[in-house]
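Order of the sequence lines sets the chain letters (A, B, ...), proteins ahead of strands, with each chain counted from 1. It should be emphasised that the depicted structure is a prediction, and the values quoted were computed from it without experimental measurement.
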Protein chains: 2
Amino acid sequence: MRKISLKKIAELAGVSVATVSYALNDSNQVSEVTRAKIKKIAAEEHYVPNLSARNLRTSSSNLVCAITNTYQGNFNGDVLQEIQNIFGRAGYQLLAVSGQIPSLVRTNMIDGIIMLNYRGNQTELQNLVDSINKPVIFMTNEIKSDNAASIVIDNDLGIKYLVETIHQSIHQKVCFITGDSNSYNSQRRLNAAKKYYTKLFKKNDFEKHVYSGNYDPTLSFELGKKFIRLNRYNSFICFNDDMALGIYHAASQLNKIVGKDISVVGFDNSFESGVISPGLTTIDVDKKAWGQEVVNQYFKLKESGSKHTVTTLKPKLILRESVNIKTD
Amino acid sequence: MRKISLKKIAELAGVSVATVSYALNDSNQVSEVTRAKIKKIAAEEHYVPNLSARNLRTSSSNLVCAITNTYQGNFNGDVLQEIQNIFGRAGYQLLAVSGQIPSLVRTNMIDGIIMLNYRGNQTELQNLVDSINKPVIFMTNEIKSDNAASIVIDNDLGIKYLVETIHQSIHQKVCFITGDSNSYNSQRRLNAAKKYYTKLFKKNDFEKHVYSGNYDPTLSFELGKKFIRLNRYNSFICFNDDMALGIYHAASQLNKIVGKDISVVGFDNSFESGVISPGLTTIDVDKKAWGQEVVNQYFKLKESGSKHTVTTLKPKLILRESVNIKTD
DNA sequence: AGCCTGTGCACCGTGAAAGCG
DNA sequence: CCGCTTTCACGGTGCACAGGC
């Protein structure tokens with residue numbers, strides 16, 4: 001099929017290109033009769049506007065780019081899907097990319113950026129945000145700039161819930177398994193973990209009990225196998241649900257029962273956390289509300305170019321059977 | 001920061017726009033000295049080419065669009081990530097979208113399309129592929145067109161392995177839980193399931209034992225709970241791993257042990273299938289090889305516009321402990 | 001003549017200001 | 001003022017060509 005342009009439609013309709021442009025963009029510069037005629041022809045010829053040309057002319061698009069570290073894992077997939085839905089309803093098209101920041105986003109083909117779990121040099125990121133002239137929303141970061149906003153989870157509160165829960169268990173030999181060290185969420189969770197561990201357990205040896213799990217379930221599996229066998233730890237605070245599953249696996253291999261012999265908690269409320277047995281105690285954030293807030297802030301930034309804001313979402317504790325709570 | 005164009009660089013370098021264009025595109029129409037000077041200035045000014053303008057002129061880009069039904073679930077995330085990596089290494093930028101087919105892909109901003117699990121009207125899809133003038137690769141479909149190719153899993157073989165495995169178990173009351181009815185993979189698996197069930201179990205009542213699970217673990221959980229309680233079935237062939245987890249959950253609620261009291265098999269070899277206890281017997285496809293083949297076919301199509309081909313990938317059986325094999 | 005280096009210009013499709021009967 | 005046309009600019013590409021050796 002040949003490409004149809006405004007020019008071709010103009011020829012077919014016997015009018016000028018400008019008239020066609022006006023007609024299709026619902027400008028009142030054209031009579032109703034002509035508009036109807038032009039629209040009919042456009043539909044018949046399956047006219048699709050050339051976005052490159054339009055963008056070149058107007059320097060704007062309805063394309064928003066979501067940059068993430070990976071498509072894999074429950075968390076990213078769930079959040080991306082939610083953001084996509086909400087932007088879609090607002091008339092925007094979300095394009096997801098993973099890995100490097102594409103040079104694409106520096107061109108005016110892209111109207112704005114959503115950053116989800118991007119791992120990269122902070123100063124580079126700061127430079128990008130400062131030099132780029134469009135809204136950037138961070139979901140797991142707090143880069144400060146006039147055209148940026150952050151909507152983040154209250155990691156402190158989430159970790160508080162988890163440490164409190166473990167503190168009420170019969171398993172007081174507690175171990176922390178973190179995400180990768182350049183993850184914003186993992187860093188925040190680590191700070192909170194230290195704070196609440198020190199406060200509740202009244203000990204100053206936090207660092208001795210922290211292990212890097214890199215958000216990777218096979219790593220946590222190895223750690224769990226070692227620690228459970230040695231009886232070094234009997235409770236595991238994992239910074240995401242996937243790693244908690246690794247601990248489940250280790251326990252099962254060693255014939256230990258989660259929720260009885262050991263306690264485990266996770267973070268994210270992935271669908272597996274509710275489906276596995278015993279159910280995993282974890283932290284939930286309302287992803288719908290999160291996505292909605294991202295889009296709200298996006299439009300605010302786009303219209304007013306307001307000052308940098310950080311919005312915090314309150315998470316919820318999802319109490320299931322993976323923790324053996326003290327009865328007294 | 002102000003936008004830098006070729007024109008600005010040309011002024012700064014004291015040469016013409018054409019020379020700048022040649023220099024930056026490594027054409028040999030320009031001397032090494034001039035090229036170096038121009039490149040230096042471009043770097044200093046943080047020049048970023050305007051992709052819209054370039055695309056408008058050349059009608060080509062390095063952008064490939066991956067269309068999927070959702071970012072959620074293990075399967076899509078894993079495959080998208082793999083494709084992204086391989087296209088990235090080949091100098092292409094992958095843009096992922098989920099949901100509707102964006103009008104974007106009909107413009108020449110997009111160089112080609114990868115279709116992963118797109119659910120939509122087949123004739124509409126056929127029209128799109130026929131009318132669009134760029135490579136389309138299907139990973140879960142077999143649309144025939146000169147500019148399309150399919151690289152699909154051998155679902156027949158995968159299901160054969162699973163039915164054979166269950167046939168060797170002590171659990172002969174077998175039930176099939178399918179994906180959603182407009183999924184290509186689910187349809188193929190259904191056909192294969194009928195064939196091998198009829199052949200091995202020597203029965204003609206296949207349809208009575210098929211239930212729609214919609215690839216949704218909560219649905220399979222409900223089905224499993226009902227059937228296990230009634231002792232209607234004792235083995236479950238699920239068309240993906242997520243639904244198999246739903247059966248695990250149901251079994252655990254009813255104090256039945258998977259791999260002993262009931263048998264369960266899945267499809268996809270998700271990471272949870274290996275981490276859960278007992279390990280889930282499932283079907284694996286080499287996603288790296290799949291992604292590589294997709295990119296190979298993409299380039300073939302792009303260069304030669306060859307005839308439609310269907311490539312089939314052989315899956316592997318991953319035998320774990322979720323099936324209680326007969327010992328004799 | 002031929003080679004090297006650089007320039008002028010038409011063009012892609014769209015949107016909108018200015019002009020005109 | 002209405003309804004339409006003419007014209008131009010957006011940024012980049014690459015052909016045709018020019019001038020020097």
*Report which part of the nucleic acid B/Ser27 touches: base, sugar-phosphate, or nothing (heavy-atom distance under 4.0 Å, all strands).*
nothing
_Between A/Asn76 and A/Gln72, do the side chains contain a donor N or O and an acceptor N or O under 3.5 Å apart?_
no
_Length of the CG-C1' vector between A/Asn108 and D/dC10, whole Å_ = 9 Å
*Which part of the nucleic acid, if any, lies within contact of B/Thr19, taking any heavy atom under 4.0 Å across all strands shown: a base, the sugar-phosphate backbone alone, or nothing?*
base
*Is A/Lys8 salt-bridged to A/Glu11, going by a charged N under 4.0 Å from an acidic O?*
no
*For atom CD of B/Glu32 and atom C1' of C/dC4, their distance in whole Å*: 13 Å
*Roughly, in whole Å, what's the span from CG in B/Asn55 to C1' in C/dT14?*
14 Å
*Summarise how protein sits on nucleotides 11-21 of chain D as a single string, 5' to 3': B when a protein heavy atom is under 4.0 Å from the base, S for sugar-phosphate-only contact, - for no contact.*
BBBBB------
*asked:* Using a 4.0 Å heavy-atom cut-off, does B/Val20 contact any base of the nucleic acid, only the sugar-phosphate backbone, or nothing at all?
replied: nothing
*asked:* Heavy-atom count check: over 12 atoms from other residues, nucleotides or ligands less than 6.0 Å from B/Gln100 CD?
replied: no
*asked:* In whole Å, I'd like the distance from the CD1 atom of A/Ile38 to the C1' atom of D/dT5.
replied: 12 Å
*asked:* Measure CG/A/Asn28 against C1'/D/dC1 and give the value in whole Å, please.
replied: 12 Å
*Under 30°, 30 to 60°, or over 60°: which ring-plane class applies to A/Trp290 and A/Phe75, parallel, tilted or perpendicular?*
tilted
*Under 4.0 Å: is that the gap between some side-chain N or O of B/Thr34 and OP1 or OP2 of C/dT5?*
no
*Taking the inter-plane angle between the rings of A/Tyr92 and A/Phe299 on a 0 to 90° scale, is it parallel (under 30°), tilted (30 to 60°) or perpendicular (over 60°)?*
perpendicular
_Test log, rule side-chain contact (heavy atoms from CB on, under 4.5 Å), inputs A/Asp268 and A/Asn74_ = CA-CA 8 Å; A/Asp268 286 349; A/Asn74 279 297; 6.0 Å; no
*In whole angstroms, how far is the C1' atom of D/dT5 from the CD atom of A/Glu11?*
15 Å
*What is the distance, rounded to the nearest whole Å, between atom CG of A/Leu24 and atom P of C/dT14?*
9 Å
*Indicate whether the side chain of B/Glu142 and that of B/Ser150 have a donor and an acceptor atom separated by less than 3.5 Å.*
no
